[in-house]
Amino acid sequence: MKRYNIAVVGATGAVGTEMLKVLEEYNLPIDNLKVIASPRSKGKEITFKDQKYTIETIEKGTFEDVDIALFSIGSSNSLKYVPQAVYEGALVIDNSNAYRMDDDVPLIVPEINPEFIKEHNGIIANPNCSTIQMVMALNPIRKKHVINKIIVSTYQAVSGTGQKAVNELRKQSQDYLNNDEVKTEVYPNQIAFNAIPLIDKVNDNGYTEEELKLNRETQKIFNNKEIKVTATAVRIPVFYGHSESIHLEFDIPVDLEEISYLLSNDDNIKLIDNPAENEYPTPLMSEETDQILVGRLRQDLNNEKALEMWVVGNNIRKGAALNAVQIADYVIKNNVIDGGQ
Ligand SMILES: NC(=O)c1ccc[n+]([C@@H]2O[C@H](COP(=O)([O-])OP(=O)(O)OC[C@H]3O[C@@H](n4cnc5c(N)ncnc54)[C@H](OP(=O)(O)O)[C@@H]3O)[C@@H](O)[C@H]2O)c1
């Protein structure tokens, strides 16, 4: 079997660290592994499969011997370094927002639209974490029924902002409980014991970038410009696991039993829906599984053609690292690139 040279770019970050774990679990045929981060981390060591690797920085020629580069270094850094990686011959799987809506860049969730992977021109984009868990939950439903409209409110964990935000929530919580001064650095407002209804920058139309991503990325992944998504994205003081309250509108009356059947027959989804016994998905549960958790299914009180659901997903794994490694796995198994040896 061919073996491939893989680079993890952003290997010290929240997503990069998880990516290394997932790469171990998936056991991809890796010949050479490069672990790359910023100059701050240069020379530090990390362990992968019981072997020590030294963190490198991006230099001219870094990607010349790389087959697949998994990037998680934020949009501005991706805009700077992804073109170099492509020029030097690597296939880039990018976790940032930089290239997701480019016409010649496939935006991939492997369980949903793998057929577009082969159309890459050197870059494949990983969708935003809140989009991935939503489209995963809707996929079995939209295969059977036309979804006209989605209204979604998100409750997003701080790990979605990166490792510094995880540290900030921990520190602010301790300081708040100790009656010490609470300092804000990553977020503009205190996140501990609070909720911040603004994620990413706000546009002239009042929507934030995070909210607009849910609209445009869903349309691109489902290859359907007709599906309308309106979102409110909120950051909450949870470490891991994004939650979403989703309202779906159809052309025909909803048959809840059928929807439950469709969801429970999808291996990527776990339906936990027995509210009378306090059984419903919570973000803590998502730390233990790669499945998308769905519960609180119910018909809209005032519209028989609409339903409500609650969706929880692991933002770092299926929302980022796992999805990216699954794309790499598909690329390798389907000989999408030359290279490897
Ligand atoms: N967290 C999530 O749930 C999530 C979900 C989907 C997508 N994403 C996307 O994934 C990307 C990374 O997110 P994250 O949460 O992992 O952030 P993070 O924890 O802040 O990590 C950022 C990583 O980028 C590295 N880096 C920064 N500047 C660099 C440079 N000039 N050259 C090379 N490496 C550099 C950092 O290295 P140092 O440690 O040396 O600074 C670190 O490894 C972002 O684009 C984010 O939007 C995140």
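Predicted model only: the values in this text are computed from it and were never measured. Values below: all heavy atoms of this structure, side chains included; hydrogens, waters and symmetry mates excluded. When a ligand or atom number is given, it counts from 1 through the structure's own listing order.
Every protein residue with a heavy atom nearer than 4.0 Å to ligand 1 is included here: Gly10, Ala11, Thr12, Gly13, Ala14, Val15, Ala37, Ser38, Arg40, Ser41, Ser72, Ile73, Gly74, Asn77, Tyr81, Asn95, Ser96, Cys129, Ser159, Gly160, Gly162, Gln163, Asn315, Ile316, Gly319, Ala320.
In this structure Phe222 satisfies the ring-ring contact (aromatic ring centres under 6.0 Å, His included) test with no other residue, sequence neighbours excluded.
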Let me have the donor-acceptor pairs involving side chains of residues 46-54, under 3.5 Å, with sequence neighbours excluded, atom names and distances please.
unit_1: Lys49; atom_1: NZ; unit_2: Asn27; atom_2: OD1; d: 2.7

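For the residue pair Asn203/Asn205, the side-chain donor-acceptor check at 3.5 Å is not satisfied. For the residue pair Gln326 / Lys318, a side-chain donor-acceptor distance below 3.5 Å is found, with atom types taken as modelled.
The hydrophobic cluster of Leu301 has no other members, since no ILVMFWY side-chain heavy atom comes under 4.5 Å of it.
Here the CG-CD distance, from Asn268 to Glu111, works out to 4.5 Å after rounding to the nearest 0.5 Å.
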